[in-house]
Amino acid sequence: MKSIVLSSVVTALLVFSGCSDKKPAVDEKAQTQEVVQEVAIVETETVATDDSMVNANAGHLSMSQIESKLPTIYFAFDKYNITSDMQAKVDAAVELGKNEALQYSVKLEGNCDEWGSDEYNFALGLKRANAVKQAIVAEGIDASRIAMVSYGESNPVCTEKTQECWAKNRRVDFKLLP
Amino acid sequence: MKFFLTLLMAFSLSYGADATIEVIKKVEALPSMAIEDASKDYDDTFKLRFFKMLVADMNVLSLFNVDRHHRLVDFDDSSVVVENKDMAYVLRYKMFEDDNGALNINTKLLQNDEVKFVKNYKVSRKDIYMFISHAIAYDINEFMGEPSVAWMKRKVIFSRVVAPRKSEIIIADYTLTYQHSIIKGGFNIFPKWANSAQNAFYYTSLSAKVPTLKYVNIKTGKVSSVISSDGMMICSDVSDDGNTLLLTMAKSGQPDIFSYNIKTKKYHRETTYGGIDVNAQFRDRNSIVFISNRLGYPNVFSKELGSNEVEQMVYYGRSNSACSAHGEYIVYKARETSNAFSQNTFNLHLISTKTDFIRRLTATGVNEFPRFSKDGDAIIFIKNYKAQSSIGIIRLNHNKNYLFPLKFGRVQAMDW
């Protein structure tokens, strides 16, 4: 019980600390007035994921521990179908979803490589997320536990201009939601 | 004979007005123009910066063969400098600072040492000098009696990604020389002007749990939520009267095009295909073009609003994933190589719905985000070539492209 409370507190802290800069600051003085000097960035302290896990009960996995076990599904260039070599990873995700991660919802994040930075690319990312959703729903995960979002090419894990790098960015990530 | 002449004339006129046919004009055929600087205040760096901007703007007019020598004169000299004696036109200007620190610029256009046109300009501070330069070019173009270049005075709004899932939205002049960051922090993308006055805009916020379309009134700074959709939410186009939006939403994970009436707050689903339908653009009040992969690859299609019939518009290009429309003309981005393993070439092409011609508008690199000006006279786009990004202006009727190098990285989306 203690571990659940602690990890909830840590989660809440992480969630709320992540919110502070997300409210868009609109500058109404757009064209007419002097651009206001920007002050120095507020210093913050971040606790590394490993350190943040205060775990009294080694037998029980925290949300981030389960999340780290979830696979990443990769896709071919300009495609959104799940290839046969990715099926085993989907099965592994379903297995986790039915057991350790049963209490959580999941957000599927669709991503693309840098080829085509337009609406079509965002739709491609979403279709990838949706393909994973259909696959895990077909294997028995409740659709109401799944949310989807597409980040297009705006959330790369690799920024080099190589074939391997682009392949790493054509992916769907699993993110757990409490 | 008279009949044949009339026929010939009708033929040349009808084709002369078709922007998909290239018009080749020799550089020599344009009248020459020199620009003379008579500024007293301000340092040499600023003087040169303004001179460069003005040369660029005068070039974009595509009316003159502009001399690039920065020559200093006295504003009231009765004749032009000796090197400019043979120039058809001489544009002379004087920058000076008044007691309030405002930037004043007096200009006059000389032809054969005679003053043909005089106008004075003023802005409150010197770092927005580029707007005066654009205004001077606009006025010279009006004086020459050419079709309006009002788009020079319009603003560009664009988003750029500054870190994974972090972006900012910026308002700029048409050369992106002036940049003002209007939304910072969070993950906000796909900005779109909300009306032709450019005093409000829409954008997609991905900071919230569900993608949400936001509306920003620039005057008041007020931000309001318009509509949300799971998975995807983009405002692709706004009707001329500002009342109807074309949205890409993905209710239940399926990206489709919707029209949305901002008065009644009701939306209508316009496409139902099971693949990808995005990037809808008004051709006129009742018909749209959009991008769909219904043939297995992205291509440009059109339909009437409210009907189910869909027509393929483009028959060239392996992968045409973005477009912009203006009346009968459609500009689209086509991938010309199909290579998952190296750099690809993306060029812009122009088609007319009334002819079969296809005109390639760019030659090298990755060319994207084509956007027609409101009057259809010009197209703005981004070119990425050999690690350099530039903003480009295509003057359709002059068959010329102008590039302004950009100092920062990739643009995420852009509207003009």
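Computed from a predicted structure; not experimentally measured.
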### Task
Answer yes if the side chains of B:Ser236 and A:Glu119 hold a donor-acceptor pair under 3.5 Å, and no otherwise.
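Yes, side-chain donor-acceptor contact under 3.5 Å.
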Throw together a table of side-chain donor-acceptor distances under 3.5 angstrom for residues 81-92 of chain A, partners on residues two or more places apart or in other chains.
unit_1	atom_1	unit_2	atom_2	d
A:Thr83	OG1	A:Asp85	OD1	2.6
A:Gln87	NE2	A:Asp91	OD1	3.3
A:Gln87	NE2	A:Glu139	OE2	3.1
A:Lys89	NZ	A:Thr72	O	3.3

### Task
Please confirm whether the backbone N or O of B:Ala322 pairs with a side-chain atom of A:Asp118, one donor and one acceptor, at under 3.5 Å?
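Absent.
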Between [X] and [Y], what is the shortest heavy-atom contact and its length?
X: A:Asn155; Y: B:Pro164; result: OD1-CB, 3.6 Å
X: B:Gln412; Y: A:Ser154; result: CG-OG, 4.3 Å
X: B:Ala250; Y: A:Leu126; result: CB-CD2, 3.0 Å

### Check: A:Val149 and B:Met232 side chains under 4.5 Å, non-hydrogen atoms
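B:Met232 does not reach A:Val149 side chain to side chain.
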### Message
Can you confirm whether A:Met148 sits close enough to B:Val210 that some side-chain heavy atom of one is under 4.5 Å from a side-chain heavy atom of the other?
### Response
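The answer is no; the side chains never approach within 4.5 Å.
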### Query
Say you draw a straight line from CZ of A:Phe77 to OG of B:Ser319; how long is it, rounded to the nearest 0.5 Å?
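With rounding to 0.5 Å, CZ (A:Phe77) is 7.0 Å from OG (B:Ser319).
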### Query
Which distance, rounded to the nearest 0.5 Å, do you find between the CZ of B:Phe290 and the OH of A:Tyr120?
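B:Phe290 CZ to A:Tyr120 OH: 13.0 Å, rounded to 0.5 Å.
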#### Entry: Verdict with supporting geometry, A:Tyr80 and B:Asn293, side-chain hydrogen bond (donor to acceptor under 3.5 Å, both in side chains)
CA-CA 12 Å; A:Tyr80 51 83; B:Asn293 72 338; 3.3 Å; yes
### Task
Give the C-alpha distance, both sets of side-chain angles, the deciding distance and a yes or no for side chain to side chain contact (heavy atoms under 4.5 Å, CB included) between A:Phe122 and B:Ile189.
CA-CA 11 Å; A:Phe122 264 77; B:Ile189 51 179; 3.3 Å; yes
### Task
Can you tell which part of B:Ser252 gets under 4.5 Å to a heavy atom of chain A, answering side chain, backbone, both or neither?
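It is the backbone, since no side chain atom gets that close.
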### Query
So which part of B:Pro298 gets closer than 4.5 Å to some heavy atom of chain A, the side chain, the backbone, both or neither?
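Both parts, backbone and side chain.
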### Region of A:Ala123 in contact with chain B, defined by heavy-atom distances below 4.5 Å
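Interface part for A:Ala123: both.
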### Query
Between A:Leu124 and chain B, which part of the residue has a heavy atom less than 4.5 Å away: side chain, backbone, both or neither?
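When you check distances to chain B, atoms from both the backbone and side chain of A:Leu124 fall under 4.5 Å.
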### Message
Looking at A:Glu160, I want to see if its CD is surrounded by more than 12 non-hydrogen atoms of other residues, nucleotides or ligands under 6.0 Å.
### Response
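Not more than 12 within 6.0 Å, no.
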### Task
Would you mind telling me which of B:Ile291, B:Ile234, B:Val123 has the largest number of heavy-atom pairs within less than 4.5 Å of chain A?
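The option with the most such pairs is B:Ile234.
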### Task
Could you have a look at B:Pro211, B:Ala208, B:Pro255, B:Ala163 and say which one has the most heavy-atom pairs with chain A under 4.5 angstrom?
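Greatest number of close heavy-atom pairs with chain A: B:Pro255.
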### Query
Hey, what's the ring geometry for B:Phe187 with A:Tyr151, parallel, tilted or perpendicular (30° and 60° as the breaks)?
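The rings of B:Phe187 and A:Tyr151 sit tilted, inter-plane angle from 30° to 60°.
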